[in-house]
Protein chains: 2
Amino acid sequence: MSPPMTPARTRNAAATRTAILEAARKRFAHEGYDQTGVREIASDAGVDAALISRYFGGKEELFGEVLACAPNIAEFLDGDRDSFGERVAQMLAVEPMREEKFELFLIMLRSASSPKAAEAIRRHSHDAFYQPLETWLGGDDAAVRARLLSCVMMGATMNRVIYEDYLLDGQQRQELCEALARTLDNYVSGPV
Amino acid sequence: MSPPMTPARTRNAAATRTAILEAARKRFAHEGYDQTGVREIASDAGVDAALISRYFGGKEELFGEVLACAPNIAEFLDGDRDSFGERVAQMLAVEPMREEKFELFLIMLRSASSPKAAEAIRRHSHDAFYQPLETWLGGDDAAVRARLLSCVMMGATMNRVIYEDYLLDGQQRQELCEALARTLDNYVSGPV
DNA sequence: GGGCCATGTCATCAGTTGGTGACTTCTAGG
DNA sequence: CCTAGAAGTCACCAACTGATGACATGGCCC
């Protein structure tokens with residue numbers, strides 16, 4: 001069936017690397033670092049597990065590369081300042097979970113307990129989340145307000161993940177959303 | 001030295017059980033479910049690892065028992081209503097980390113990613129945290145406000161754990177505390 | 001077309017994990 | 001004193017993990 005001229009993706013190092021990276025990103029976000037085995041990643045990517053060691057050095061280094069290319073805070077920051085709380089609260093509480101948007105959070109939540117992954121998470125989340133957020137906020141107490149925003153966003157994400165949709169119905173999620181929006185905007189507009 | 005009449009704790013099933021439970025509680029809170037091995041728990045408790053299976057059935061059941069006897073929300077709830085935010089915010093941001101108070105949170109944060117532990121966590125945190133909190137709050141939207149409080153408290157705990165003391169100095173933690181207190185009290189006094 | 005290196009496959013290792021059952025030893029009760 | 005059963009010890013298993021090195025094979029350049 002498939003024309004032999006385009007051997008699809010055989011013997012293509014770049015494509016293989018990408019496939020591994022993509023499969024790993026999803027697995028790490030869904031299951032966490034510990035719960036994800038290199039064999040599962042390889043299977044998802046349709047390659048041999050040995051290639052992970054060959055291309056990335058090992059599971060730990062692969063995790064680092066996944067973090068490096070994971071979506072960052074920019075997803076939340078573009079858009080006008082006044083509607084930040086409303087936008088983010090909608091994503092956190094009302095809209096169906098958009099995994100791509102919160103992938104960094106999901107990876108953090110589910111992998112932070114692994115010593116092997118913890119350091120990479122600390123470093124990357126600081127560089128790709130807090131620093132940009134702090135800069136975007138501006139002002140003397142930007143560091144504090146960035147932490148406050150992080151607390152609410154991470155706490156909400158964690159609650160939503162642990163308890164399916166907060167165990168709340170649509171109406172209640174709407175109320176949750178409004179309260180979150182006010183709190184977030186309060187932190188954005190600061191000062192505390 | 002020790003009088004031979006009281007053979008300390010040898011051949012005492014109840015004391016052994018307690019020792020295992022205590023050691024497991026600390027390990028699970030500090031390292032999480034996955035990162036804690038039955039051999040480590042047994043070593044801490046000064047007993048043989050086989051006794052864990054004998055007394056509790058297995059690691060998973062042990063985890064369940066640990067949750068059952070972990071400190072619950074009552075720690076935060078006793079005291080007058082008006083000062084709830086201030087009290088909790090102080091514990092979250094200013095005072096040195098009081099592990100006993102937040103043990104349930106720590107266990108949750110570090111073990112929620114383990115499928116074996118997740119179900120027990122969901123069930124127990126609902127019974128020992130959300131339900132009492134919701135009752136304590138009262139009112140129509142108590143469920144929503146309980147979630148809001150949980151988001152802030154869990155998010156703050158997680159931030160403090162991942163980044164040592166939020167990476168903030170004392171002055172900034174004080175500002176953080178004041179903002180958290182206002183937010184928490186806002187959710188307590190509700191309605192949203 | 002032929003050699004050669006990048007690419008992919010495979011078998012296997014060493015370490016760790018939770019768990020089990022046979023064994024020993026202590027203690028209580030007669 | 002002596003037995004019976006509880007309490008504790010020990011050796012070991014089966015499963016799984018990440019990783020490695022030997023090997024096969026495809027494609028590109030000369």
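Letters A, B, ... are given to chains in the order of the sequence lines, protein chains preceding strands, and every chain is numbered from 1. Predicted model only: the values in this text are computed from it and were never measured. The figures here come from the full heavy-atom set of this structure, side chains too, leaving out hydrogens, waters and symmetry mates.
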Whether over 12 other heavy atoms sit under 6.0 Å from A/H126 NE2:
yes
Write down the distance between CD1 (A/I20) and C1' (C/dT9), rounded to a whole number of angstrom.
14 Å
Once you round it to whole Å, what is the distance between P of D/dT17 and CD of A/E40?
6 Å
Ion pair A/E178/A/R173, N-O distance below 4.0 Å:
no
Please write out the pairs of protein N or O atoms and N or O atoms of nucleotides 19-22 of chain D separated by less than 3.5 Å, giving the distance to one decimal.
{"from": "D/dA19", "atom 1": "OP2", "to": "A/K59", "atom 2": "N", "distance (Å)": "2.9"}

DNA chain C-proximal residues of residues 107-121 of chain A, any heavy atom under 4.0 Å
none
d(CZ, A/R17; C1', C/dA6) in whole Å:
15 Å
Answer yes or no: is there a donor N or O on one side and an acceptor on the other, between the side chain of A/T36 and the main chain of A/G32, under 3.5 Å?
yes
Could you go through B/F129 and B/F105, starting from their C-alpha distance and side-chain angles, then the distance that decides it, and tell me whether this counts as ring pair (Phe, Tyr, Trp, His ring centres under 6.0 Å)?
CA-CA 10 Å; B/F129 187 84; B/F105 276 175; 5.2 Å; yes
Cation-pi between B/K59 and B/Y33: NZ/CZ under 6.0 Å from ring centre and within 45° of the ring axis?
yes
Looking at every strand, decide which applies to A/Y55 at a 4.0 Å heavy-atom threshold: base, sugar-phosphate, or nothing.
sugar-phosphate
Taking only side-chain nitrogens and oxygens of A/T16, does any of them come within less than 4.0 Å of OP1 or OP2 of C/dT7?
no
Could you state the atom-to-atom distance from CZ of B/R27 to P of C/dT17 in whole Å?
11 Å
Assert: residue with more 5' nearest nucleotide on DNA chain D, out of A/D34 and B/A14, is B/A14
For B/W136 and B/F76, I'd like to know if the aromatic rings sit close, meaning centre-to-centre distance below 6.0 Å.
no
Whole-Å distance, A/N12 CG to C/dG8 C1', equals 12 Å
Are A/R160 and A/D165 close enough for a salt bridge, meaning some N to O gap below 4.0 Å?
yes
Quick check on B/D140: does its CG atom have over 12 non-hydrogen neighbours (other residues, nucleotides or ligands) under 6.0 Å away?
no
Do B/V94 and B/L168 belong together in a cluster built from hydrophobic side chains that touch within less than 4.5 Å?
no
Is the Lys NZ or Arg CZ of B/R122 less than 6.0 Å from the centre of A/Y163's six-membered ring, within 45° of the axis?
no
Residues B/E75, B/R98: salt bridge by 4.0 Å N-O rule:
no
DNA chain C: stems of at least 3 consecutive Watson-Crick or G-U pairs whose donor-acceptor distances fall under 3.5 Å:
C:1-30 with D:1-30
From CD of A/E31 over to C1' of D/dT17, roughly how many Å is that when rounded to an integer?
16 Å
